[in-house]
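One structure below.
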Number of protein chains: 2
Amino acid sequence: MEAILSNASLEPNQTLVSEGLPRMRVFSLTGGVMRLSNLLPDGRRQITGFLYPGDYFGLADDQTYSQTAEAVTPAQLCSFPVKQMDALMERFPKLKDRLFKLTREALSSARESQMMLGRLAPVEKVASFLLLCSRRAEVAGEPIDLLDLPMTRTDIADYLGLTIETVSRSFTKLKSQNLIQLPDPHHVKIVDLRALGEVAGWRA
Amino acid sequence: MEAILSNASLEPNQTLVSEGLPRMRVFSLTGGVMRLSNLLPDGRRQITGFLYPGDYFGLADDQTYSQTAEAVTPAQLCSFPVKQMDALMERFPKLKDRLFKLTREALSSARESQMMLGRLAPVEKVASFLLLCSRRAEVAGEPIDLLDLPMTRTDIADYLGLTIETVSRSFTKLKSQNLIQLPDPHHVKIVDLRALGEVAGWRA
DNA sequence: CGTTATATTGAATGGATTCAAGGCCAGTGG
DNA sequence: CCACTGGCCTTGAATCCATTCAATATAACG
């Protein structure tokens, strides 16, 4: 296993792979945060998700990568050639099961995203985003109410289908309702998690 | 295989399963069209996709169904108990591979959806929707420019994150630009496929 | 043929976007 | 050490366009 494994590290905003390129390797993020995105010909961007340590990239695709992967923070990752990955999967069904599970989880979160993008109002989107971050922090064993948001407002906007101004205004609104505190743009303290949940659309 | 298989048929708008219910069976649609949706407590609905003959439902979930499945047209399907499905997968790795592939395809189309929902303008969304329908018709061996849209405007609106009025106006706009014809609300003739593609956002 | 559900169209409203300005930091060079 | 610069974020004002509200038209169905 180790023989075919290779390591890499990226600086912020460095591109790991661009959508459309032939899929040669599968990656596993070991440190840092990355973003996955798709671009429209005219430059509009949709971020489909963020990657955290333990997440994989390049699993679900076929011949070519369907998304661009870029570093948000300095990032470390290891990679395997696709071919050998396939061979490994044949040899170790457990591995295949695990990748299957990861794919299903990705599908589930993509569908949550669809609901957010299609049916939530801007403040609701931002509140939901914070709750997602909080949930992730929880499974990572980090404090659930002291969030580090390494991505820029532009990234958040492109993830939620909004403009940076609207994202900023939504943060301000949540702050002025005392649901969150914003010591600085990249740090959020969730004051009232339950109320934030209600704003996020989990209300009657 | 046949021993554990059972058949069912649904009338329009009949619910097959509701989100949150324990996942007992996996379904395969053999005839008709269905819609998959999620509901917000206040009644807002997001349709995450439509099912056509050959599509499966209930594959990617874990303990409970994550989505509601309802019939759009009269529908026929067959179903397997989850347990036996799992057993079958162990016995026939080919089957598992196939389901894995289906899940990956579902993920890929969910991500297309994310782009549509987050970054496309209303007319672009409707144009994209028509192109998706056309693509599906193509793989089903149906004419690619004579579309049958069995779902209501409400369904389309809930799929695209719009209101029915906006959907209707977008159809009218496409019609008045001579990109499509609308003999009746459920039948679309695509006049200029290329131009429709450009409207959908594939332009420079 | 009449009734209900569904779709289209019109006018107004509202709220996100756009356009523009200002603030805040971190890094750089004087 | 301080002014300067550029990137990022916030805020304000004006605009635009999807939504809302309302009415009409059309289709589906008994």
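Labels below follow one simple rule: chain letters A, B, ... track the order of the sequence lines, proteins then strands, and each chain is numbered from 1.
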Given atom CG of B/Asp184 and atom P of D/dT26, what is their separation to the nearest angstrom? 13 Å
Between D/dT19 atom P and A/Leu120 atom CG, what is the distance in whole Å? 14 Å
Using a 4.0 Å heavy-atom cut-off across all strands, classify B/Leu162 as base, sugar-phosphate, or nothing. sugar-phosphate
Would you say D/dG7 has OP1 or OP2 under 4.0 Å from some side-chain N or O of A/Thr152? no
Interatomic distance where CE belongs to A/Met151 and C1' belongs to D/dC8 [whole Å]: 15 Å
Quick check on D/dC9: is either OP1 or OP2 less than 4.0 Å from any side-chain nitrogen or oxygen of A/His186? yes
Can you see if the side chain of A/Thr163 gets near the phosphate of C/dT18 - specifically, an N or O under 4.0 Å from OP1 or OP2? no
Distance under 6.0 Å and angle within 45° of the ring axis: does A/Arg136 meet both against A/Phe50? no
A/Lys175 atom NZ is separated from D/dT10 atom P, nearest whole Å, by 7 Å
Does a donor on one side chain sit under 3.5 Å from an acceptor on the other, for B/Gln114 and A/Thr48? no
Examine B/Arg98 relative to B/Tyr56 and say whether NZ or CZ is less than 6.0 Å from the centre of the six-membered ring and inside a 45° cone about the ring axis. no
Length of the line joining A/Leu149:CG and D/dT10:P, which is rounded to integer Å: 11 Å
From the list C/dT18, D/dA18, D/dC9, which nucleotide is the closest neighbour of the side chain of A/Glu165? C/dT18
Counting only heavy atoms not in A/Lys96, do more than 12 sit closer than 6.0 Å to its NZ atom? yes
Distance, rounded to the nearest Å, where A/Arg153 contributes CZ and C/dC25 contributes P: 14 Å
Where the side chain of A/Thr68 meets the backbone of A/Glu19, is there a donor-acceptor pair that is under 3.5 Å apart? yes
Find the distance B/Asn13:CG to D/dA28:P and express it as a whole number of Å. 15 Å
Give a yes/no answer on whether the side chain of B/Thr166 brings an N or O atom under 4.0 Å of OP1 or OP2 in D/dT19. yes
Between A/Pro185 and A/Arg169, just flag the one whose closest nucleotide in DNA chain D comes earlier from the 5' side. A/Pro185
Tell me: CZ of A/Phe171 to P of C/dA16, nearest whole Å? 16 Å
